[in-house]
Amino acid sequence: MKTLLVTGCAGFIGSNYCRYVLQKDADARVIGLDALTYAGNLSTMHDLKQNTRFCFYPGKIQDDTVVSGIIQAEKVDYIVNFAAESHNDRSLLNPAEFIQTDVAGVFTLLDATRKFGLRRMLHVSTDEVYGSTIDGRFTEQTPLEPNTPYSASKAGGDLQCRAHHIAYNTPVVVTRCGNNFGPWQYPEKLLPFFITRLIDNRRVPLYGDGSQVRDWVFVEDHCSGIHHVLEHGEPGQVYNIGADGEQTNIAVTRMLLELLGKPESLIKHIPDPRGNAHDRRYSIDASRLKSLGWQPEHEFSASLECTVKWYSSRQNWWREILAKPDYQAFIKRFYGKYLGEDL
Ligand code: NAD
Ligand code: TYD
């Protein structure tokens, strides 16, 4: 039996990954660690907690005592790190927390991997560390040119992995994936934010003309890519994860209107709140990971339809979040001046 420490297990991708591993590998135990920030929810782990091969610890990844204690008590073999402050818009308001988790936290996990001689650590980075590209595709050799406090913090953690491998031979691998979508995503990111607002016939704030491009990946493909890298990747290497899912924001918004049967008048173009920090286009070349035998299995429009159905049928989960004071405070602070009484 192998034991994985999965950090950020109460968030969107981390919780999906725990489900994926427990279902795929009967020989795996999953130890979850999560600080339960605004983005981490106990209700997201409700089904996981029924599984006897899953166990949860609350705590921060930058807390060395917590991390070392869990590794020793649970005889951890692998770390898969999802824990992060993950929202670009929040990073423009409060960048300091991003440095603590996305840089210092990664360093603590790397040191623990070395100190306890773990078999491997996988760090989940992002394509946003590359910055923006007008017409090229990001390969793993593309220079890192992050443009927001979030993506710069992620680049910091990502480069700590590189240095730890070079300096200490720490067995770490890094993945960089595009924008994810699917079940259990916190309703502040584009897709769940817009889907939940449209269900309630509220207008959706599209930044600028909506011509920015994101390279979308269904969350299950991200999870299978991560697991493939954990099992087959070469220590010290970086692997892009992508599914040829490029779409403009306006095109995605119109698909949502169509799927939900809502009028175009629910789109509200607002002045771009990210300004110069808004990356225009992400585009991922995932050929290095494909050469290891991995392929994405989910096509964008069919997965988008499944995602819309999921949010339509799981309203209890997201309405509980929408009712929380910290969610309402963020929406008011960030969108208040643009949405006015539509808030
Ligand atoms: P999320 O915000 O939904 O979840 C993050 C989780 O980490 C939350 O449960 C939160 O409570 C926890 N957390 C935050 N700070 C912590 C700390 N100091 N210690 C322990 N736990 C902490 O994020 P997500 O969308 O699931 O993203 C997961 C990872 O994948 C992140 O590292 C993110 O950078 C990366 N990523 C995300 C996307 C995307 O589109 N969402 C794409 C590529 C990469
Ligand atoms: P987001 O989901 O925040 O992810 P990221 O910043 O990591 O790409 O945003 C995706 C795109 O959608 C991005 O170009 C910004 C845009 N966007 C809007 O137009 N309106 C919104 O309310 C949000 C949250 C995002």
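This one's a predicted model, so the numbers in the text were calculated from it and none came from an experiment. Note that these values count all heavy atoms, side chains included, but never hydrogens, waters or copies made by symmetry. Remember, it's 1-based here, ligands and their atoms both numbered in the order they're listed.
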ask   = Taking N or O atoms only and a 3.5 Å limit, does K60 qualify as a polar contact for ligand 1?
value = no
Atom 18 (N) of ligand 1: the protein heavy-atom neighbour that sits closest, reported with distance to 0.1 Å = Q62 OE1, 2.8 Å
note = Quick look: N88 vs ligand 2, heavy-atom contacts under 4.0 Å, and the answer is side chain
query = So, is D279 polar-close to ligand 2, with some N/O to N/O distance under 3.5 Å?
reply = no
ask   = Relative to ligand 2, is V204 under 4.0 angstrom through side chain, backbone, both or neither, heavy atoms considered?
value = neither
Distance from atom 9 (O) of ligand 2 to nearest protein heavy atom, with residue and atom = R274 NH2, 3.7 Å
message = For atom 5 (C) of ligand 1, what is the closest protein heavy atom, and at what distance to 0.1 Å?
response = A84 O, 3.5 Å
ask   = Just going by heavy-atom distances, which of T44, T37, V217, L109 is nearest to atom 10 (C) of ligand 1?
value = T37
ask   = Which atoms of ligand 1 are found less than 4.0 Å from any heavy atom of S86?
value = 1 (P), 2 (O), 23 (O)
query = What residue and atom, counting heavy atoms only, is the protein's closest point to atom 33 (C) of ligand 1, and at what distance?
reply = Y150 OH, 3.5 Å
ask   = Is the closest heavy-atom distance from Y150 to ligand 2 below 4.0 Å?
value = no
query = Is G105 in contact with ligand 1, taking contact as a heavy-atom separation below 4.0 Å?
reply = no
request  = Could you tell me if any non-hydrogen atom of G59 lies under 4.0 Å from any atom of ligand 1?
outcome  = yes
ask   = Is there a heavy atom of Y186 sitting under 4.0 angstrom from any atom of ligand 1?
value = no
message = Taking 4.0 Å as the limit for heavy-atom contacts, which would you say applies to N249 with ligand 2: side chain only, backbone only, both, or neither?
response = side chain
Any N or O of F194 closer than 3.5 Å to N or O of ligand 2 = no
query = Going by distance only, is there an N or O of E85 that falls short of 3.5 Å from an N or O of ligand 1?
reply = no
Ligand 2 contact on E188 by region, counting heavy-atom pairs under 4.0 Å = backbone
Atom 32 (O) of ligand 1: nearest protein contact (heavy atom, Å) = K154 NZ, 2.6 Å
ask   = Does D89 reach ligand 2 with a nitrogen or oxygen that is under 3.5 Å from one of the ligand's nitrogen or oxygen atoms?
value = no
